[in-house]
Amino acid sequence: MFLKISNTIAGELRAVTGLPDVGLVEGGEHADLASTVAFSLAKTRKQNPAQISAELAATLSSRPELASVKVAAKGPYINFILGPGYIEETLREAVRPGYGSVPVRPGRVVLEHTSANPNGPLHVGHIRNTIIGDTLARCLKKAGHRVEVQYYVNDMGRQIAIVSWGFSHLGISRNEGEKGDHHVARVYIAANREIKSDPSIVEEIDSLMQDVESGDPAVSASFRSAVSQCLDGFKVTLERLGAYHDRFVWESDFIRNGDTERVLDGIKRLDECHTDGRMWLDLSEFGFEKEYVLRRSDGTSVYAARDLAYHIWKGRNFDRMIDVLGADHKLIGAQLIATLKLQGEKYPEIVYFEFVSLPEGSMSTRAGKFVSADQLLDEVTAKAFEEVTVRRPELDVDKRNAIARSVALAAIRYDIVKISPEKSTVFDWKEALDFERQSGPYIQYAYARACSILEKAGEFEEAYTLERESEIALAKHLAKFPYTIEMVVKELKPHLLAIYARELADLFNSFYHFEPVLKSEGLTRKSRLTLVKATQNTLGEALESLGIDAPRTM
RNA sequence: GGGCCUGUGGCUUAGCCAGGAUAUAGCGCCGGGCUUCUAACCCGGAUGUCGGGGGUUCGAAUCCCUCCAGGCCCGCCA
């Protein structure tokens with residue numbers, strides 16, 4: 001609704017001024033939308049901008065397309081205030097199930113996220129990737145895109161060789177009840193300690209990497225076993241996080257099926273390719289000084305070569321590729337894109353996020369310095385259970401456990417997704433365990449409240465007459481939901497939805513405290529109930545897109 | 001040394017790419033509000049050289065230059 005009226009107003013302004021850019025901005029407290037076009041016209045027309053805006057406002061007021069919009073000049077600004085017709089149409093749309101969704105669009109999108117190395121459990125840094133990626137996938141689907149979500153399993157890297165070596169040399173057995181990924185971390189940390197005290201082990205690691213690339217069955221099986229064990233642990237964590245992958249793609253498959261060799265053969269023919277024992281690309285025409293090495297002098301391929309094969313495969317099977325990667329991948333991501341361009345292949349859109357560190361410094365799986373996602377989930381869930389028990393002591397344990405799980409997931413996902421990805425953050429237990437303002441549970445609570453009102457109200461006839469300030473502000477925000485989803489998908493910025501949902505909950509809570517719903521009467525009651533229903537529906541859709549449960553009671 | 005990102009009240013943060021009207025919220029602080037639709041809530045108040053300095057513009061948190069501070073990257077690692 002908001003999108004539609006914005007386009008109409010912009011179109012009218014263009015028609016009236018003849019300018020392509022009509023300076024349409026948010027109106028703040030003055031209006032719903034405003035135009036600053038009078039400033040730019042002031043120069044060419046050599047007139048006072050206030051005079052121009054007054055004239056334009058008068059002209060626009062008489063346009064039939066803007067019949068439901070109040071147009072008024074205020075100084076140099078042209079203000080647009082959306083009227084009752086807009087509110088009514090918004091409410092009619094917002095009460096419908098699936099509000100904000102659009103029909104399926106042509107083309108398929110492949111979105112890769114998380115793809116952490118299987119050398120230890122997912123930690124609070126990795127799950128920033130998971131949550132950004134999963135939220136994007138949900139928003140893309142809501143916006144009508146067909147999406148396949150993939151996890152790229154780095155199963156033949158040096159880290160995995162170290163884990164494999166550790167398993168066969170250190171005899172570290174799995175503890176009772178220990179998750180596979182946590183066990184792998186202990187092996188990995190111990191193996192690194194061994195390497196540090198005896199650097200000659202590095203030769204054994206190198207030899208393992210050569211064996212796996214040449215397809216040695218025993219070594220491959222050993223790698224695969226370690227990776228599978230870790231991945232099984234990841235899957236449990238991802239499930240708890242409410243994040244879903246359609247497919248796990250194994251890096252080694254691109255060696256086994258010959259894709260990597262074929263890709264390297266193709267690259268060999270490029271002018272930018274140099275072979276001096278190793279094989280590398282000169283990407284200086286793209287501004288990269290660094291040599292982009294694809295094959296070692298011992299003949300084995302490096303990660304970049306396999307990644308190239310993976311992306312070419314994705315590009316040929318999908319219409320659009322999106323990768324979610326840590327900011328440490330910026331250089332290699334840009335090199336990957338440059339190389340794909342050289343080959344005339346499709347290249348990915350990459351969403352980067354900055355690092356999450358601990359108060360004591362950066363996280364390191366190798367050094368055992370990390371807070372695992374499992375630990376975070378456990379502690380937040382325990383705290384949530386305490387909270388639920390205090391607030392709802394009458395509920396039985398199962399019910400309280402269910403709410404606690406839902407609240408914990410909301411707290412974790414929201415805490416992470418609300419921060420714009422380009423901001424590096426420091427993990428803070430106090431914030432993670434806070435379920436109040438600007439949190440996921442806060443939004444869930446608004447939803448549960450709306451559900452409670454609707455349940456008590458029973459059947460009612462919908463009506464669309466809103467008069468109070470808090471009602472109108474709420475309804476106007478509902479109108480922006482489809483626009484917000486559009487923006488998230490267009491800009492690949494999931495935090496916009498997080499901010500939107502929080503603002504919606506804020507406005508609903510204010511409305512709730514100012515205007516009685518069930519105790520009001522007649523048209524007012526019907527209209528307010530319709531507003532509550534529209535809000536409940538929109539909050540539900542927003543929460544679903546954020547990967548957060550929408551509990552009817554909490 | 002070079003490249004990328006970040007710097008907004010004591011703390012966290014939106015807005016920046018597509019420049020506009022007194023800069024968005026939260027935490028914390030001060031003061032109110034639960035016999036009233038779920039107080040995981042609401043209302044009011046104090047708190048800002050939008051890192052510093054130049055520039056462009058009628059207008060700069062937003063664009064350009066420069067400096068400062070922090071993070072990340074610059075492996076025949078992934």
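So that the names make sense, note that chain A is the first sequence line, chain B the second, and so on, each numbered from 1.
Comment: A:K196 does not engage A:E194 in a salt bridge, judged by the lack of any side-chain N to carboxylate O separation of less than 4.0 angstrom.
Here the shortest heavy-atom pairing between A:T365 and A:N119 reads CG2-O, 3.6 Å.
Considering only side-chain N and O atoms, A:S424 lies nowhere under 4.0 angstrom from the phosphate OP1 or OP2 of B:rU6. Residue A:Y512 has a polar side-chain atom (N or O) positioned under 4.0 Å from OP1 or OP2 of B:rA39. An OP1 or OP2 oxygen of B:rA14 is reached within less than 4.0 angstrom by a side-chain nitrogen or oxygen of A:S420.
Looking at A:T260 and A:R306, their side chains never bring a donor and an acceptor atom within 3.5 Å of each other.
Sorted by first and then second residue, the pairs that involve residues 279-301 of chain A and meet salt bridge (charged side-chain N to carboxylate O under 4.0 Å, His left out), not counting sequence neighbours, are A:E261-A:R295, A:R278-A:E291. Among residues at least two apart or in separate chains, salt bridge (charged side-chain N to carboxylate O under 4.0 Å, His left out) pairs with a member in residues 420-448 of chain A are A:R437-A:D506. Note on residues 356-369 of chain A: no pairs pass salt bridge (charged side-chain N to carboxylate O under 4.0 Å, His left out), not counting sequence neighbours.
The aromatic ring centroids of A:H113 and A:Y151 lie 6.0 Å or more from each other. Here the two rings, on A:Y442 and A:F435, have centers that are 6.0 Å apart or farther.
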| task | Using a 4.0 Å cut-off on protein heavy atoms (strictly under), produce a 5'-to-3' string for nucleotides 73-78 of chain B with B for base contact, S for backbone-only sugar-phosphate contact, and - for none. | result | SSSBSB
| query | In B/S/- notation, 5' to 3', how is nucleotides 16-23 of chain B contacted by protein heavy atoms closer than 4.0 Å? | reply | -BB-BBB-
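Around CD of A:Q47, the count of heavy atoms belonging to other residues, nucleotides or ligands within 6.0 Å exceeds 12.
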| request: I would like to know whether A:D323 and A:H311 meet side chain to side chain donor-acceptor pair (under 3.5 Å); could you show each step before the answer? | output: CA-CA 10 Å; A:D323 296 348; A:H311 278 88; 2.6 Å; yes
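A:Y188 meets the ring pair (Phe, Tyr, Trp, His ring centres under 6.0 Å) test with no other residue; sequence neighbours excluded. Residues that satisfy the ring pair (Phe, Tyr, Trp, His ring centres under 6.0 Å) test with A:W280, not counting sequence neighbours, are A:H274. For A:Y347, there are no ring pair (Phe, Tyr, Trp, His ring centres under 6.0 Å) partners two or more places apart in sequence or in a different chain. Applying the ring pair (Phe, Tyr, Trp, His ring centres under 6.0 Å) test to A:F39 and every residue at least two apart in sequence or in another chain returns A:Y77.
If you check every strand for non-hydrogen atoms under 4.0 Å, A:V532 touches nothing. In this structure, A:K418 reaches neither bases nor backbone, as no heavy-atom distance under 4.0 Å exists between it and the strands shown. Here A:S357 lies out of heavy-atom contact (under 4.0 Å) with every strand. A:F288 comes within 4.0 angstrom of no nucleic acid atom, judged by non-hydrogen atoms across all strands. Using a 4.0 Å heavy-atom criterion, one finds that A:M279 contacts no nucleic acid atom at all.
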N/O-N/O pairs, protein side and nucleotides 27-36 of chain B side, under 3.5 Å:
from, atom 1, to, atom 2, distance (Å)
B:rU36, O2', A:K519, NZ, 2.9

Might you list the N or O atoms of the protein lying below 3.5 Å from N or O atoms in nucleotides 45-47 of chain B, with each pair's distance?
none

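Residues of residues 443-451 of chain A having a heavy atom closer than 4.0 Å to RNA chain B, listed by number: A:Y445, A:A448, A:R449.
Both the sub-6.0 Å distance and the 45° axial angle are not jointly satisfied by A:K476 relative to the ring of A:F2.
The nucleotide B:rG1 finds its pairing partner in B:rC74, both defining distances of the Watson-Crick or G-U wobble pair being shorter than 3.5 Å. Pair assignment for B:rA39: none, as no Watson-Crick or G-U wobble contacts are both less than 3.5 Å. The partner of B:rG7 is B:rC68, by the rule that a Watson-Crick or G-U pair needs both atom distances under 3.5 Å. The partner of B:rC34 cannot be assigned: no Watson-Crick or G-U wobble pair with both contacts below 3.5 Å exists in any strand.
Side chain of A:E387, nearest nucleotide from B:rA40, B:rU12, B:rU38: B:rA40. Proximity note for A:I453 (side chain, C-beta onward) versus B:rG26, B:rU38, B:rA40: the nearest is B:rU38.
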